[in-house]
Structures are given as structure tokens and as C-alpha cells.
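One structure below.
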2 protein chains.
Amino acid sequence: MTRVLLVEDEPQLVRALRINLRTRGYEVEAAPDGRTALDLAARRHPDVVVLDLGLPDMDGVEVIEGLRGWLSVPIIVLSARHASEEKVRALDIGADDYVTKPFGMDELLARLRAAVRRAAPAEQAAVVETATFTVDLAAKKVLRDGREVRLTPTEWNILEVLVRNAGRLVGQRSLLREVWGPAYEKETNYLRVYLAQLRRKLEPDPARPRHLITEPGMGYRFER
Amino acid sequence: MTRVLLVEDEPQLVRALRINLRTRGYEVEAAPDGRTALDLAARRHPDVVVLDLGLPDMDGVEVIEGLRGWLSVPIIVLSARHASEEKVRALDIGADDYVTKPFGMDELLARLRAAVRRAAPAEQAAVVETATFTVDLAAKKVLRDGREVRLTPTEWNILEVLVRNAGRLVGQRSLLREVWGPAYEKETNYLRVYLAQLRRKLEPDPARPRHLITEPGMGYRFER
DNA sequence: AGGCCCCTGCCTCTCCAGTGGCAGCCAGGA
DNA sequence: TCCTGGCTGCCACTGGAGAGGCAGGGGCCT
């Protein structure tokens, strides 16, 4: 199911959108202000963000910037402002679409579908194999020697981020941000504990990891 | 360079868009009708398509359908029709954005940038090669003779700054500022130590560096 | 009530960052 | 010709940050 993060402060509009999205099979998380939005984005990992630029606590531009850099999902901006500079600014700092109020519900939904469709192909390659274990990203399963390995939610989240960036280094901060949220960027000890657990469950020789590799001082890397 | 396929039958609009796109560094292919558009798309493989729905020979919807299925680049639709059903239809059969005429040139260009940006990551190849080693900026890896070279965080930061400015001189102050921060602009001895370490790890003959070159009294330069 | 997961605290160990000392090279001046 | 000063490269050393291992408690969900 597609998760939508709806950032909007007008209750009626939230209500209307929520109903429309729900009936079309979307899961909706609503945030009435920027702070809540950033928090929810970190904790719930939406597939797409619908963002009103006129929020009570922060400038919409700040919200976009707060999301971009670590979240790559599409952002569709809603705004009452028709001015060209506003649109250009929002699009250039990372928004994917800009819809001016008042808007037709049908059009917004179509733009949402288009944005989600374009973002989708990125999640291909749902199965990644190594010499000792197999990760099925879609099914959320890990097999080792034909047997299923049980991972806790946190363990799975970490493994998922690393596998999606297979071969690339993932910095400690970005890993912490993706799994625990922006407030935990400095808790590097969490990583040590959970990487050790993952290695115990997955590596043939946990003392000499071949797939879940530490880059001292920088981060971690998954190698197949 | 980004190649734009511009499908539009009004000569003035083609002219205006062509000039605007050219000056911004895009390569422009123009097609006045649907048949030409499909033909050009097949032969020239554009990176993005700007498509007017009102064409003399075919319905714009057919053009979108003719492109989609084998071409995955973004399609931005231009149209004089504001009706909601039109937009929904175009977006649902594969368009990525829908801009109604008359439109602001700035806005169209911003939407174009957003569409290209979203499609881009697939073809990024942040890899720089020299005769003796290879730097992969995205994966944060350095290969030498097929083997991976381990760099410490500081070593990597320095190498990254130099490689991103390949061929250009990087002043001692700016290098210190980028790696250690503004407070360290005078600690030129740091550079001597770490450049020596990098040369030992990467240069074929560290005593006679070919890629990490000192410009006495000025700074350092990376040459491939 | 029980189980399990998340997080913490402690210990050990590795190794990187930064320091200081010294030698080589070059250019300019005595 | 020799000396000197500035810049660079090389090496050894040390403090400390960061990494892993282990054990245990608190809290949430079932």
C-alpha cells in the first residue's frame, strides 16, 4: 500500500483529502505543521509527500529542504500562491510538482499517481543474493542455507537501507537518520550493537565480516 | 548535455522555446507533428520530451502512448485545454507533468529541471579514473590494480575535494577550510602529512607524484 | 504473566589524528 | 662557494576516539 504524508493545516482540506485518498487505497498520515511533518517523515517513511507551503510554524521551503537530502520520495507542493518565482523556487529546491489552490481533486490525484508511478521503478531488484544469505526486500525475508532467519524490526530496517545501497558506503549519520530518525544522528553506539547482531545472524564468520563491512570513522557498506 | 525533444506545431513557440533551452545548455530537437516526433524519439533518444497535445496529424494522447512502453524518459505535456479530464487522462497514460497555455517560461523550465532531475540518478557515474587508480565518488571507494584501497576519513575528504576540482588548483586555505573547517586555515602542516599518506597509498612512485601535485606556496592539484 | 526487543553500560583493543623533529631541495645573497 | 631561510617530505610518537563483545534491565506487546 502506498503511504502518503499529507502536510496541511486547514482541517477541512485535510478531511477532504484524507477521505479521497483512503477510498483510493492510500494510507494517509497527516501533519498540521512543519515540525510534525519532518518527524512523521522520519518515523513512517512515506512513499510520497503532499505539502502545503503555507504552514503555521515553518516556511514550506524549509520543510522541503528538511526532507530532501535524506528522503528521495516525490514531493507534491500545494500553494495558494500563483507567482512564478514561488513555483520555480519550490521546484528547484526539490519539489516534484506544484499545484495551485484551488485545485481539482481529480487533477491532484492524477498528479499523485504520476509522481508515484515515476518513483516506483527504483524499487526493483527485490532479491539480493550473497554467497551465504539471500535478502528478499519485497517479502521482507532473509534466507540462509535455505532456512529463514528471524530479524527484529530494527535489524531489518538497517539491513534494508544497506542492501538498497549495495556496494555504496552509507554514512553513520544517514543510516541513523533513516532508521531511527533525525534526532538520533549521534547515537553511533546503536549501530555497533545492531551491526554486531546482524553479523551474528548472517555472516559465516562474524569476527571477519565479508558482507556487512565497517568503514572506520565513516560508516557501513553492504557487499554481496 | 541534456537532449530535449520539443513537439510543437506553432513556429513562434518553437522558436521561443528553442532559444531559451539552447541558452541554458540543452540540446533541442524539434518536431512539428506526431509522426516526426515518434521518428525523432526513436532515432535521437532524448532525455526529456516537451509535448504539445494539439498537433495537426495525431491526437496528443496517441503520441504519449506511442512513446511510452519503449521510452521511459519524462514527458511534459503542454496544452491549451484546462479541463480536468484532459489533465487526468494525459497524466494517467504516462505524462509526467501537464502545463496549461499560456505558461510562464520560467515555470516551464523549472518543471523541466525537476523532471530531468528525478530521472537523472540512474545515469550518474561519479567515477574518475587515472592510469594507476580509480575513484568512485558515489560509493566512496578507491580501487588500485583492482584492489580496494582503504582510506581514512580525513584522507578521503581531501581526495574528494581534489578530485571534484580535477585539473584545477585548490588553494591551501580552501582545502583546509573544506576538510577541517574555517578555524584551521593556517595549519598547512596538516596538508603535508596527509598528502604524503595519500601519495604513499595511491601514487606509483610517491617520491615523484603524477596525480597529487604540489604547487609550492599555493596549494595542490589533482591530475588524472 | 511472559517473552522479546531495544537500549545502556562497561571493558578491551585497534588505529587514526595531530605533534614535533629532522632532512632534502631550491633560490637568493654575502 | 658557502650559508641561510622557506617550503616540503618523511618518520616516530602519543592521546584519544571509535569499534566490538558481553551482559543485563526496562518496557512494550501479546
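Remember, it's a predicted structure, so these values are computed and weren't measured experimentally. Throughout, a chain's letter reflects where its sequence line sits, starting with A, and its residues are numbered from 1.
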- Message: Below 4.0 angstrom, which residues in residues 148-173 of chain B have at least one non-hydrogen atom near DNA chain C?
- Response: B:R150, B:T152, B:P153, B:T154
- Specify the separation, in whole Å, of atom CZ of B:R192 and atom C1' of C:dC22. 12 Å
- Identify the residue among A:L159, A:D136, A:T134 that makes a side chain to side chain contact (heavy atoms under 4.5 Å, CB included) with A:V142. A:L159
- Query: What is the distance from atom NZ of B:K141 to atom CD of A:E215, rounded to the nearest 0.5 Å?
  - Reply: 8.5 Å
- Contact span of DNA chain D against chain A, any nucleotide atom under 4.0 Å from a heavy atom, 5' to 3', runs D:dG18 to D:dG21
- Message: Is it the case that the side chain of B:R68 and the backbone of B:L71 share a donor-acceptor pair, with hydrogens and angles ignored and the cut-off at 3.5 Å?
- Response: yes
- Task: Could you pull out all residues at least two apart from B:D145 that satisfy side chain to side chain contact (heavy atoms under 4.5 Å, CB included)?
- Result: none
- Item | Residues from residues 193-201 of chain A lying under 4.0 Å of DNA chain C - heavy atoms | A:V193, A:Y194
- Query: Could you go step by step and tell me if B:T2 and B:R113 meet the side chain to side chain donor-acceptor pair (under 3.5 Å) rule?
  - Reply: CA-CA 10 Å; B:T2 308; B:R113 283 193 294 273; over 6 Å; no
- Task: Measure from the side-chain N and O atoms of A:T36 to the backbone N and O of A:P32, and report whether any donor-acceptor pair falls under 3.5 Å.
- Result: no
- Item | For DNA chain D, the residues among residues 181-191 of chain B that have a non-hydrogen atom under 4.0 Å from it | none
- Task: Hey, could you give me the OH/OG1 distance between B:Y190 and B:T154, rounded to the nearest 0.5 Å?
- Result: 10.5 Å
- Relative to the ring of A:F133, is the ring of A:H211 parallel (under 30°), tilted (30 to 60°) or perpendicular (over 60°)? perpendicular
- Message: Determine whether a donor-acceptor pair (N or O, by modelled atom type, separation under 3.5 Å) exists between the side chain of A:N165 and the backbone of A:V170.
- Response: no
- Task: Would you indicate whether B:Y184, at its atom OH, is surrounded by more than 12 heavy atoms from other residues, nucleotides or ligands within a distance under 6.0 Å?
- Result: no
- Task: Say whether, by atom type as modelled, one donor and one acceptor occur between the side chain of A:R24 and the main chain of A:N20 under 3.5 angstrom.
- Result: yes
- Message: For B:E178, is the CD atom crowded, meaning more than 12 foreign heavy atoms sit under 6.0 Å from it?
- Response: no
- A:D57 side chain to A:G34 main-chain N or O, any donor-acceptor pair under 3.5 Å? yes
- Residues from residues 209-224 of chain B lying under 4.0 Å of DNA chain D - heavy atoms: B:T214, B:P216, B:G217, B:Y220
- Query: Does CZ in A:R210 sit with more than 12 non-hydrogen atoms of other residues, nucleotides or ligands closer than 6.0 Å?
  - Reply: no
- Between A:W180 and C:dC6, is there a side-chain N or O to OP1/OP2 distance below 4.0 Å? no
- Task: Please confirm whether A:W156 and A:Y194 have ring centers closer than 6.0 angstrom.
- Result: no
